[in-house]
Every structure is written in C-alpha cells, then in structure tokens.
Amino acid sequence: MPFTLATWNINSVRLRAGLVERLLREEAPDILCLQECKSPVDKMPLEGFAALGYGHVVARGQKGYNGVAILSRLPLQDAGDLDFAGLGQARHVAARLEDGTVIHNFYVPAGGDVPDRAVNEKFGQKLDYLTDMRDFFRDSRPDRAILVGDLNIAPREDDVWSHKQLLKVVSHTPIEVEHLGNAQAAGHWVDVTRADIPQGQLYSWWSYRARDWDAADKGRRLDHVWASPDIAQAAHSSRILRAARGWDKPSDHAPVFATFDL
DNA sequence: ATGGTAGGATCCCTA
C-alpha cells in the first residue's frame with residue numbers, strides 16, 4: 001500500500017488550524033506530522049481534522065511551547081515518546097501503522113542564538129539532544145522506520161542560502177552538522193529528500209524577519225524525512241510545498257512530502 | 001553591525 005507522508009512545523013496548530021485543513025484538502029497526504037503545535041493535546045483542534053478524514057491521531061503537547069502530532073487517514077497505534085537530554089518537553093511522538101512501519105516525529109531544540117555551549121545553555125541542550133538521539137538509534141537500530149520533523153539543522157552546503165555566511169549561525173555550524181550526522185549514521189538513516197533530489201538548493205524554512213522572504217530567498221532546509229535502509233528505496237516523489245510559505249498568516253516553515261511504496 | 005517578525009504566555013520567553 002503506497003502512502004504519502006508530509007511533515008510541517010506549523011508554529012501554533014490552534015492559530016493555523018485553517019492552514020492545516022487547507023493542506024489536508026488540497027494535498028491530501030495520508031499522514032501529516034506536525035511540530036511546534038504550542039498546545040496541550042486536549043486543546044488541539046482535532047475535530048476539524050477528523051471531519052476531513054484524519055481521525056487517527058497520536059500527539060504530545062504542553063502549554064505554550066513545543067508539541068508534536070501525527071494526523072492520519074490510516075489506522076495508527078501510539079508507539080510512545082522519547083525524552084532526550086532530560087528536557088521533559090513534548091518534542092517527540094511515534095506511531096505504528098498496521099503494516100508495522102514506525103513513524104518518529106521529532107522537534108529538535110532550536111538551540112538559541114549563540115553557538116557556544118559555555119555561554120548559551122540552549123546550544124548545549126541541542127547538542128545533548130542529538131547525542132542522546134545517536135545513542136538511542138545505536139542501541140535500537142531502526143527497521144521499517146521513518147523519521148521526520150523539524151531537526152533545526154541544515155546539514156549540506158546547498159541546504160542554506162549561503163554556506164559561508166551561515167557557518168557561525170545556529171542551524172548550520174559544523175558542530176551541529178556533525179552531531180546530526182552522528183545521529184543519522186547511528187541509525188543508518190537515509191536522507192530521503194536528498195536521495196530523491198540530490199542536486200541544487202533546497203529550503204523548507206524562511207525567516208519571518210525578511211522584508212520579502214520570497215524575493216530574498218534566504219532559506220534553510222531544517223525539515224527532514226529519513227528512512228531506515230530496508231525501506232529507503234521505496235521512497236519517491238519528494239517535494240517541498242514552498243507555496244504554503246506564501247499562504248495568509250503562514251508558518252515560517254513549508255511542508256516536506258515523500259511517498260513510500262510499501 | 002544591527003535589527004528585523006511572530007506566537008503565546010506574562011508583563012518576557014522562544015523561535
């Protein structure tokens with residue numbers, strides 16, 4: 001059964017419930033993974049999603065910050081959540097499809113502004129989160145698994161508008177790229193988006209602060225779709241819906257899609 | 001070199 005999956009940092013699921021519904025109507029992914037819901041689970045606007053056919057949901061939330069959800073037209077089992085770096089925040093939830101495929105939905109800490117853990121605790125937490133992720137996937141190698149989310153790191157030179165100008169900017173520093181690469185390597189995760197689209201600039205996030213985000217196009221690829229090696233070859237048709245960044249009252253992230261023939 | 005925008009909570013934090 002082939003299915004299409006999307007991942008989207010929605011930056012408040014309550015404020016942007018209408019945009020989520022628009023995406024479900026117009027693009028109709030089978031599964032939509034959301035991050036930065038900024039809401040407790042019992043206040044997420046799930047009824048409107050269920051009315052569109054997305055009645056299967058696993059989610060973790062907290063007041064004001066973080067929060068992740070997986071909305072699905074296909075039946076889901078709750079497969080638990082992970083708390084890395086001892087943060088105690090709603091940054092991960094996992095779901096299991098009926099065929100056994102596990103979907104991990106992550107919201108990795110952004111890491112603050114200064115890329116130095118000696119003066120910025122948040123940067124240290126981000127690195128520790130990635131180290132714990134590495135250890136977790138080293139100890140339980142993923143199999144028939146998909147990992148998506150806002151990983152808050154743009155690893156490749158062509159994942160940012162200027163490699164040189166972003167080398168000291170949190171999200172593209174060498175130490176972060178190394179930590180993300182270690183987590184990816186520990187699980188033998190395949191970067192599905194880049195396997196599908198190996199060449200050229202690719203962004204999923206554009207700052208709110210730009211005067212004209214579209215014209216300036218100073219983007220970064222912070223949102224990712226990975227797959228375990230046993231199912232990675234089943235993935236195809238990756239794309240980023242840049243148009244969603246131009247919708248009314250948008251998230252600063254665009255949704256990333258992939259289809260799996262499983 | 002700086003400040004720019006956005007959301008949600010609280011009178012500031014995080015992104």
Side-chain angles (χ1 to χ4, degrees), chain A residues 7-23 33-46 59-69 83-92 105-117 119-130 148-155 159-162 164-173 175-177 179-180 203-224 242 244-256:
Chain A
T7 178
W8 196 12
N9 177 317
I10 193 61
N11 188 16
S12 174
V13 72
R14 280 185 280 180
L15 191 71
R16 285 185 242 286
L19 294 192
V20 172
E21 290 171 13
R22 178 173 175 184
L23 187 84
C33 299
L34 298 172
Q35 305 88 32
E36 267 208 282
C37 294
K38 293 186 172 176
S39 170
V41 174
D42 62 6
K43 293 192 172 160
M44 292 182 184
L46 300 177
R60 297 293 185 273
Q62 63 185 87
K63 192 174 164 184
Y65 303 96
N66 310 309
V68 287
D83 175 29
F84 293 150
L87 297 177
Q89 299 171 338
R91 294 184 175 276
H92 170 269
N105 181 18
F106 277 103
Y107 176 48
V108 171
D113 286 333
V114 182
D116 177 355
R117 68 184 307 156
V119 297
N120 171 20
E121 181 186 36
K122 290 183 188 315
F123 193 73
Q125 290 171 346
K126 181 178 195 175
L127 299 180
D128 291 346
Y129 193 95
L130 293 162
V148 306
D150 177 2
L151 305 185
N152 264 315
I153 295 172
D159 290 337
V160 293
W161 64 276
S162 168
K164 192 173 172 207
Q165 287 183 254
L166 288 173
L167 273 171
K168 292 181 178 173
V169 174
V170 173
S171 72
H172 191 62
T173 64
I175 183 110
E176 290 170 87
V177 172
H179 277 66
L180 184 69
Y203 314 139
S204 65
W205 174 88
W206 295 261
S207 173
Y208 283 126
R209 295 175 186 172
R211 253 174 273 138
D212 182 340
W213 72 273
D214 194 29
D217 200 20
K218 293 184 173 180
R220 306 177 201 170
R221 188 173 70 103
L222 303 180
D223 303 277
H224 299 265
R242 181 184 174 113
R245 180 62 178 80
W247 290 354
D248 191 42
K249 296 277 277 176
S251 168
D252 45 354
H253 294 252
V256 182

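Every chain is numbered from 1, with letters handed out A, B, ... down the list of sequences. Side chains included, hydrogens not; waters and symmetry mates left out as well; all remaining heavy atoms used. No experiment lies behind these values; they were computed from the predicted model shown.
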Inset, instruction - Give me the ring orientation class for A/F84 and A/Y129: parallel if the planes are under 30° apart, tilted from 30 to 60°, perpendicular past 60°. - result: perpendicular
Legend entry - Footprint string (nucleotides 5-15 of chain B, 5' to 3'): B base within contact, S backbone only, - free, heavy atoms under 4.0 Å: BSSSS---BSB
Inset, instruction - Please measure how far the C1' atom in B/dT14 lies from the corresponding atom in B/dT10, and state the result in whole Å. - result: 13 Å
Legend entry - Partners meeting side chain to side chain donor-acceptor pair (under 3.5 Å) with A/R245 (sequence neighbours left out): none
Legend entry - Nearest-angstrom distance, P atom, B/dT5 to B/dA9: 22 Å
Inset, instruction - Heavy atoms only: give me the nearest A/D83-A/L87 pair and the separation to one decimal. - result: OD1-N, 3.4 Å
Legend entry - 4.5 Å side-chain heavy-atom contact, A/W161 and A/L166: yes
Legend entry - Closest approach of A/A154 to A/D159 (non-hydrogen atoms, all atoms of both residues): CB-O, 3.6 Å
Inset, instruction - Can you sort out the partners of A/L167 under side chain to side chain contact (heavy atoms under 4.5 Å, CB included), two or more places apart, ordered by chain and number? - result: A/H163, A/P174
Legend entry - B/dC11 to B/dG7 separation - C1' atoms, rounded to the nearest Å: 16 Å
Legend entry - C1' gap between B/dA15 and B/dG3, integer Å: 15 Å
